[in-house]
Amino acid sequence: MHEWMLDNGFTPHLVVDAKREGVRVPEAHVKDGKIVLNVSPSATHGLVLGNDFVSFSARFGGVSFDLMVPVAAVLGIYARETGQGMIFGEDDAPADAAPPDGDEPPPARPRAKLKVVK
């Protein structure tokens with residue numbers, strides 16, 4: 001998705017669950033437990049999109065910050081210009097993920113407002 005967005009002249013943004021273990025982002029920019037990160041080449045330095053993590057350096061308020069985001073903490077990716085992208089939900093969790101406690105089904109999640117880009 002990231003490469004496709006860049007190839008089409010869009011600005012990719014990641015939505016990250018900042019409360020997840022291993023996430024290293026500037027806390028001052030976290031809102032409601034989430035942070036949106038511009039991962040375009042002009043906004044990042046040393047971007048690594050690995051299978052286990054995303055890492056790069058970026059400036060926040062003029063101060064350089066080294067970010068580390070485990071892939072499991074990435075909630076979605078979208079193009080700033082169109083709002084289109086992909087949301088990764090609980091359904092994308094690994095098969096060995098622990099089920100919720102109790103006999104009640106998990107609460108319904110609100111429908112995503114982003115469209116899947118094919």
Side-chain angles (χ1 to χ4, degrees):
M1 289 292 297
H2 179 267
E3 188 174 326
W4 180 89
M5 289 178 192
L6 293 176
D7 288 348
N8 286 282
F10 298 132
T11 309
H13 282 66
L14 292 181
V15 181
V16 175
D17 179 352
K19 293 187 261 182
R20 280 283 184 98
E21 186 175 337
V23 173
R24 202 170 58 218
V25 296
E27 291 294 323
H29 297 275
V30 173
K31 292 187 177 140
D32 298 325
K34 297 177 181 60
I35 188 168
V36 177
L37 302 170
N38 178 343
V39 288
S40 68
S42 64
T44 63
H45 178 71
L47 177 64
V48 175
L49 298 170
N51 291 329
D52 298 323
F53 63 89
V54 174
S55 67
F56 60 95
S57 294
R59 297 184 78 73
F60 292 85
V63 177
S64 184
F65 193 93
D66 293 328
L67 294 96
M68 177 73 70
V69 177
V71 169
V74 176
L75 300 174
I77 182 171
Y78 70 94
R80 179 185 68 200
E81 294 79 2
T82 65
Q84 294 182 323
M86 294 179 77
I87 294 294
F88 310 113
E90 293 171 17
D91 297 337
D92 298 323
D96 61 346
D101 292 338
D103 295 331
E104 295 182 32
R109 295 184 305 170
R111 295 191 57 86
K113 295 181 182 177
L114 299 178
K115 296 179 184 177
V116 175
V117 177
K118 293 186 179 184

Original post:
Among V71, V74, V15, whose side-chain contact (heavy atoms from CB on, under 4.5 Å) with F88 holds?
Top reply: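 Single side-chain contact (heavy atoms from CB on, under 4.5 Å) partner of F88 among V71, V74, V15: V74.
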
Subject >> Reported CG-to-CD1 distance for the pair L67 and I35, which is rounded to 0.5 angstrom >> reply: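 Atom-to-atom, L67:CG and I35:CD1 are 7.0 Å apart.
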
Subject >> Interatomic distance, L75 atom CG to M86 atom CE [nearest 0.5 angstrom] >> reply: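 It is 13.0 Å, given to the nearest 0.5 Å.
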
Subject >> Heavy atoms from other residues, nucleotides or ligands near CG of D32 exceed 12 (cutoff 6.0 Å) >> reply: no

**OP:** Quick one: closest heavy-atom pair of L6 and P12, and the distance?
**Re:** CD2-CD, 3.7 Å

Original post:
What ring-ring contact (aromatic ring centres under 6.0 Å, His included) pairs are there with at least one residue in residues 13-40, not counting sequence neighbours?
Top reply: H13-Y78, H29-F60

Subject >> Residues that S40 engages under side chain to side chain donor-acceptor pair (under 3.5 Å), provided they are two or more places apart >> reply: N38, S42

**OP:** List in chain and number order the residues that pass side chain to side chain donor-acceptor pair (under 3.5 Å) with D66, two or more places apart in sequence or in another chain; answer none if no residue qualifies.
**Re:** S57

Table please: side-chain donor-acceptor pairs of residues 16-28 below 3.5 Å, with sequence neighbours left out.
from : atom 1 : to  : atom 2 : distance (Å)
D17  : OD1    : K19 : N      : 3.0
R20  : NH1    : A72 : O      : 2.7

Original post:
If you link I, L, V, M, F, W and Y whenever their side-chain heavy atoms are under 4.5 Å apart, who else ends up in the same group as M68?
Top reply: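 Result for M68 is V48, F53.
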
Subject >> Co-members of V63 in a cluster of I, L, V, M, F, W and Y side chains, linked at under 4.5 Å >> reply: none

**OP:** List in chain and number order the residues that pass side-chain contact (heavy atoms from CB on, under 4.5 Å) with L47, two or more places apart in sequence or in another chain; answer none if no residue qualifies.
**Re:** H2, T44, L49, V54, F56

Subject >> 4.5 Å side-chain heavy-atom contact, T11 and M5 >> reply: no

Subject >> Pairs satisfying side-chain hydrogen bond (donor to acceptor under 3.5 Å, both in side chains), at least one member in residues 45-54, at least two apart >> reply: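 Residue pairs passing side-chain hydrogen bond (donor to acceptor under 3.5 Å, both in side chains), neighbours aside: none found.
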
